[in-house]
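The structure appears below as structure tokens.
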Amino acid sequence: MGRGINTRCLHLEEDEGKINHYGALSYPIYQTATYEHPAVGQSTGFDYSRLQNPTRQQLEKVVAELEHGIDAFALSTGMAAISLLMEIFEPGDHIISESDLYGGSIRLFDNVSKKNHYEVTYHNCSKDDIEASIKENTKAIYIETPTNPMMNVTDISKVADIAKRHGLIVIVDNTFLSPYFQNPLDLGADVVIHSGTKYLGGHNDTLAGFIVTNNEAIQEKLRFLIKTTGYGLAPFDSWLILRGIKTLGVRMERAGKNAAELATWLKNQPIIKKVYYPGLPEHPGHEIMKKQARGFGAMLTFDVDSKEHALAILEKVKMIKYAESLGGVETLLTYPTTQTHADVPEEVRLKNGITPCTLRLSVGIEDVEDLIGELTEVFANI
Ligand SMILES: *Cc1c(COP(=O)(O)O)cnc(C)c1O
């Protein structure tokens, strides 16, 4: 891992020194379902695209390098990645997770995984004593940091230490920071999840998901599962994500800088009650983030002074889009109560701090003056 992350987003070292694919700089899209065998009992290494596809494999190698894993799996969406990962568990297994998790993951655990008799206990992992919840059948701790949308920061190394003492695996959904800002495997995690739809793809145009691991037993289980279930990413979508990753560093730097400026500006607006951004020195997770990440990311959440104002802001934004999702070049404003977290029970939402006054901003790479300009106008007219 001698090379810098920006270089690793562009160049796979093992490809160098050999002219392949007619010298094409852009990795070809192998739009094929199947592969001709050279002879009976022989294979080119590719037999059928559900199992292996060169374009998908190239993407998996790049993502494995970015997250410092031994292998990565590219799947059709982030949720496909999480659903597939849940297949490594057995009926009766217990998992400790984060109560402020991505809403779709909670929906999966509570409504689908439940059929497999998995038990999930939710905690605020940034401050609860999760060790006290470990039982004989506990197998994993599944976290996000910072959390979605409340931006709570959990100390990954601390969680990994607890997990090691009890023989559990640690899974980190690293979507919010991307491998550009944070590498959970280096901090003791065993598995990293990404919604590639977000920062890796980066353009609000493609769905994808990833599982990355540095654990050989998990790697082997996942290769078998991907072949068996068929959740693998299509060749063209793999190429789009490969292209998106080329600019990961410049996008993350720029969006992160915009987010930091916006967070400071928002704090001083009379209509804003609270800004949740770990880059602010007063954020309770600020010091942990400084220790375990290389930046604070470009996601921020804020509370306005009334539900009516929250709804009016959503109605009035124009350049900033009122839309679900995050991590793309365009700035998006989301209403967690009715969008991303609609399926989380109301009492859980409120307990986590997600109120009808809460808005989430995925800050893009526009000129920050234009973002502030639009919000100034919107705030003045509600
Ligand atoms: C979006 C998201 C997911 C789900 O990914 P999809 O690509 O939409 O299926 C999972 N985790 C987090 C943190 C997300 O933001």
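Computed from a predicted structure; not experimentally measured. Any value given below was found using the heavy atoms of this structure, including those in side chains, with hydrogens, waters and symmetry copies removed. Just so you know, ligand 1 is whichever comes first in the structure, and atom 1 is the first atom listed for that ligand.
- For atom 4 (C) of ligand 1, the closest non-hydrogen atom on the protein side is Tyr102 CE2, 3.5 Å.
- Between atom CD1 of residue Ile169 and atom NZ of residue Lys164 there is a gap of 10.5 Å, rounded to the nearest 0.5 Å.
- Results of the side-chain contact (heavy atoms from CB on, under 4.5 Å) test with Tyr199 over Leu248, Ile245, Leu177 single out Leu248 as the only residue that passes.
- In terms of protein heavy-atom proximity, atom 2 (C) of ligand 1 is closest to Lys198 NZ, 2.5 Å.
- Remark: ligand 1 and Glu144 share no N or O pair separated by less than 3.5 Å (distance only, no angle test).
- At least one N or O atom of Met79, backbone or side chain, sits closer than 3.5 Å to an N or O atom of ligand 1.
- Not a single donor-acceptor pair under 3.5 Å links the side chain of Asn148 to the backbone N or O of Gly103.
- Within ligand 1, counting atoms from 1 as listed, the ones closer than 4.0 Å to a heavy atom of Asp173 are 10 (C), 11 (N), 12 (C), 13 (C).
- Contacts of Leu326 with ligand 1, taken as heavy-atom pairs under 4.0 Å, involve the side chain alone.
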Steps toward salt bridge (Lys or Arg N to Asp or Glu O under 4.0 Å) verdict (Glu220, Arg223): CA-CA 5 Å; Glu220 202 173 309; Arg223 274 286 156 223; over 6 Å; no

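- A salt bridge links Glu282 with Lys267; the closest basic N to acidic carboxylate O contact falls under 4.0 Å.
- Of the N or O atoms in Gly78, one or more lie within a sub-3.5 Å distance of an N or O in ligand 1.
- For atom 7 (O) of ligand 1, the nearest non-hydrogen atom of the protein is Thr197 OG1, 2.7 Å.
- Scanning all protein heavy atoms for the shortest distance to atom 5 (O) of ligand 1 gives Ser195 OG, 3.0 Å.
- Remark: Lys198 is positioned above the aromatic ring of Tyr102, its terminal NZ or CZ atom under 6.0 angstrom from the ring centre and at most 45 degrees off the axis.
- Annotation for Lys257: atom NZ does not count as buried by contact number, only 12 or fewer foreign heavy atoms lying within 6.0 Å.
- Between Ser105 and ligand 1, a contact under 3.5 Å exists for no N or O pair.
- At least one heavy atom of Ala208 sits closer than 4.0 Å to an atom of ligand 1.
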Worked check of side-chain hydrogen bond (donor to acceptor under 3.5 Å, both in side chains) between Thr213 and Asn215: CA-CA 6 Å; Thr213 187; Asn215 174 313; 5.2 Å; no

